[in-house]
Participant: 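Before I ask anything, let me first share the structure, which is written out below as structure tokens.
Position 1 is the first residue of the sequence; numbering continues from there.
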Amino acid sequence: MTQYWEPGTQYNYGDVVEYEGDFYKIIQPHRSQSDWTPNITPALWGRTQAPHRQEKQEHNWQQQPQQQQQQPQQQVPQQAPSWDYGKQEQGPAPQQEEKKSWLDEHKTELEIGGGIAAGLGLLGAGFGAYKHHEHKKEEQQGFEAWANSARTRTSDFHTNGPRGPATWIYNEGKRIPQGAISTGREHDWTLYIARSWIDGALMPGKASDVFKEGAVIGYKNEEHHVARYEVLIGDMRALKWVQAGNRINVDYLGAKPVEGGYENDQTPLYIVKAYHKDAWHPGKASPKLDGKSDLTSSE
């Protein structure tokens, strides 16, 4: 009986599985993984006919010679069985040529150049590229979903006004919106508080009209220049900077912090300013991050 393909299963020669309505025959024994499904691993699985159809065809051709032997005087031509791929001449059905996989076509080369393991190494590299492509696709979809939501919030702000002392406004390019909150000056330019979507997280950063794209987001020890971001605007008469250090515990802060976003594990991030190289820079704090900074908060 054909089994449905499942991850975490050892498959060996002779195994046939069903996946998404199609049937596949094993090419290379392996232990299955969730991202190595039969439909995208031609080096591991080859598509085949449904097992019951193959058995029926073999049975028909085994029975036909016996019928001819029992009725030698009959001149009525035997009707050839029907095949999925078209009408056949009378006589034994030709064997359907099995489609060769990439591994079959390159097996000799691989054995000379390092064995089947080398082929699987190339397969792994291909999957790495495939997974990277899927990650970039998901990242772009997440970014666009955030941008659409940010534009909706900004439209609501312009229509109905602010809902609190601080509001995130969607922005593009170097022009900073009026009312943007500044943490101070660096050299001869002003730094403003920004945030943008990156790698499944909404990360705080800084904005200025001198930056290449308009905003810079620090993530994984790198500075990412972005042209589409949000800027924090507000009334500092209703906000204050509260001195804080180490990991933030909002229960003991004595004020409500301004949320700046979240890590890709959904840990909340709060807006801070920190002194670095003779200037106050926008930054982030959370229950998981150590450090010393001042926190933007409302009464």
Participant: Does His225 have any ring pair (Phe, Tyr, Trp, His ring centres under 6.0 Å) partners at least two apart in sequence or in another chain, and if so, which?
Facilitator: none
Participant: To the nearest 0.5 angstrom, please state how far the CD1 atom of Ile169 sits from the OG1 atom of Thr154.
Facilitator: 4.5 Å
Participant: To the nearest 0.5 angstrom, please state how far the CG atom of Leu239 sits from the NZ atom of Lys256.
Facilitator: 11.5 Å
Participant: Can you sort out the partners of Asp265 under side-chain contact (heavy atoms from CB on, under 4.5 Å), two or more places apart, ordered by chain and number?
Facilitator: Glu263, Thr267, Lys288
Participant: Might you point out which heavy atoms bring Gly46 and Ile27 nearest each other, and give the distance in Å?
Facilitator: N-CD1, 3.5 Å
Participant: By side-chain hydrogen bond (donor to acceptor under 3.5 Å, both in side chains), which residues pair with Asn12, not counting sequence neighbours?
Facilitator: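 Listed in chain order: Gln10.
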Participant: Got Arg195 and Tyr229 here, is their nearest side-chain heavy-atom distance under 4.5 Å?
Facilitator: no
Participant: List the atom pairs, donor and acceptor, that lie under 3.5 Å between side-chain atoms in residues 214-221 and the rest of the protein, sequence neighbours left out.
Facilitator:
from: Tyr219; atom 1: OH; to: Asp199; atom 2: OD2; distance (Å): 2.6
from: Tyr219; atom 1: OH; to: Asn264; atom 2: ND2; distance (Å): 3.4

Participant: Does some side-chain heavy atom of Asp22 sit less than 4.5 Å from a side-chain heavy atom of Asn39?
Facilitator: no
Participant: Sequence neighbours left out, what passes side-chain contact (heavy atoms from CB on, under 4.5 Å) with Ala145? Give chain and number order.
Facilitator: none
Participant: Enumerate the residue pairs fulfilling salt bridge (Lys or Arg N to Asp or Glu O under 4.0 Å) with a member in residues 5-19, sequence neighbours excluded, ordered by first and then second residue.
Facilitator: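 Listed by first then second residue: nothing to list.
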Participant: Would you be so kind as to tabulate the donor-acceptor pairs closer than 3.5 Å made by side chains of residues 175-184, with sequence neighbours excluded?
Facilitator:
from: Ser182; atom 1: OG; to: Gly184; atom 2: N; distance (Å): 3.0
from: Ser182; atom 1: OG; to: Gly184; atom 2: O; distance (Å): 3.4
from: Ser182; atom 1: OG; to: Leu191; atom 2: O; distance (Å): 3.1
from: Thr183; atom 1: OG1; to: Trp280; atom 2: O; distance (Å): 2.9

Participant: Just grab all the ring pair (Phe, Tyr, Trp, His ring centres under 6.0 Å) pairs involving residues 146-182, residues at least two apart or on different chains.
Facilitator: Phe143-Trp146
Participant: By side-chain hydrogen bond (donor to acceptor under 3.5 Å, both in side chains), which residues pair with Arg31, not counting sequence neighbours?
Facilitator: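 Arg31: no side-chain hydrogen bond (donor to acceptor under 3.5 Å, both in side chains) contacts found.
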Participant: Following the transitive rule for hydrophobic clusters with a side-chain heavy-atom cut-off under 4.5 Å over Ile, Leu, Val, Met, Phe, Trp and Tyr, establish whether Tyr262 and Ile198 coincide in one cluster.
Facilitator: no
Participant: Sub-3.5 Å donor-acceptor pair from the side chain of Tyr275 to the main-chain atoms of His281, do we have one?
Facilitator: no
Participant: What's the shortest heavy-atom distance between Asn171 and Gly173, and which atoms?
Facilitator: ND2-O, 3.8 Å
Participant: Do you know the tightest heavy-atom contact between Ala166 and Leu232?
Facilitator: CB-CD1, 3.9 Å
Participant: Can you name the one residue among Glu138, Lys137, Glu144 that meets side-chain hydrogen bond (donor to acceptor under 3.5 Å, both in side chains) with Gln140?
Facilitator: Glu144
Participant: Under the salt bridge (Lys or Arg N to Asp or Glu O under 4.0 Å) definition, can you give me all pairs with a residue in residues 183-192, not counting sequence neighbours?
Facilitator: none
Participant: Between Ser32 (side chain only) and Thr9 (backbone N and O only), is there a donor and an acceptor less than 3.5 Å apart?
Facilitator: yes
Participant: A side-chain contact here means heavy atoms from C-beta on lying under 4.5 Å apart; do Val242 and Lys240 qualify?
Facilitator: yes
Participant: Does a side chain donor of either Ser155 or Arg151 reach within less than 3.5 Å of an acceptor in the other side chain?
Facilitator: no
Participant: Any chain of hydrophobic side-chain contacts (each under 4.5 Å) joining Val258 to Ile193?
Facilitator: yes
Participant: Flag the pair His224 / Met203 as yes when at least one side-chain heavy-atom distance between them is below 4.5 Å, and no otherwise.
Facilitator: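 The answer is no; the side chains never approach within 4.5 Å.
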Participant: Just distance, no hydrogens or angles: give the donor-acceptor pairs under 3.5 Å from side chains in residues 204-213, sequence neighbours left out.
Facilitator:
from: Ser208; atom 1: OG; to: Thr190; atom 2: O; distance (Å): 3.2
from: Ser208; atom 1: OG; to: Val210; atom 2: N; distance (Å): 3.4

Participant: Given side chains that start at C-beta, do those of Tyr24 and Trp5 come closer than 4.5 Å, heavy atoms only?
Facilitator: no
Participant: Do any N or O atoms from the side chain of Thr152 and from the backbone of Asn148 form a donor-acceptor pair under 3.5 angstrom?
Facilitator: yes
Participant: Find out whether Trp197 and Val226 are in side-chain contact, i.e. whether some heavy atom of one side chain is under 4.5 Å from a heavy atom of the other.
Facilitator: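 Sidechains of Val226 and Trp197: no contact.
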Participant: With under 30° as parallel and over 60° as perpendicular, where do the rings of Trp45 and His30 fit, or are they tilted in between?
Facilitator: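 Correct class here is perpendicular.
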Participant: Closest approach of Gly200 and Glu139, non-hydrogen atoms and distance?
Facilitator: N-OE1, 3.3 Å
Participant: How far apart are the closest heavy atoms of Trp36 and Leu44, and which atoms are they?
Facilitator: CE3-CD1, 3.2 Å
Participant: Keeping to residues at least two apart or across chains, list the salt bridge (Lys or Arg N to Asp or Glu O under 4.0 Å) pairs with something in residues 157-171.
Facilitator: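 Only Asp156-Arg163 qualify under salt bridge (Lys or Arg N to Asp or Glu O under 4.0 Å).
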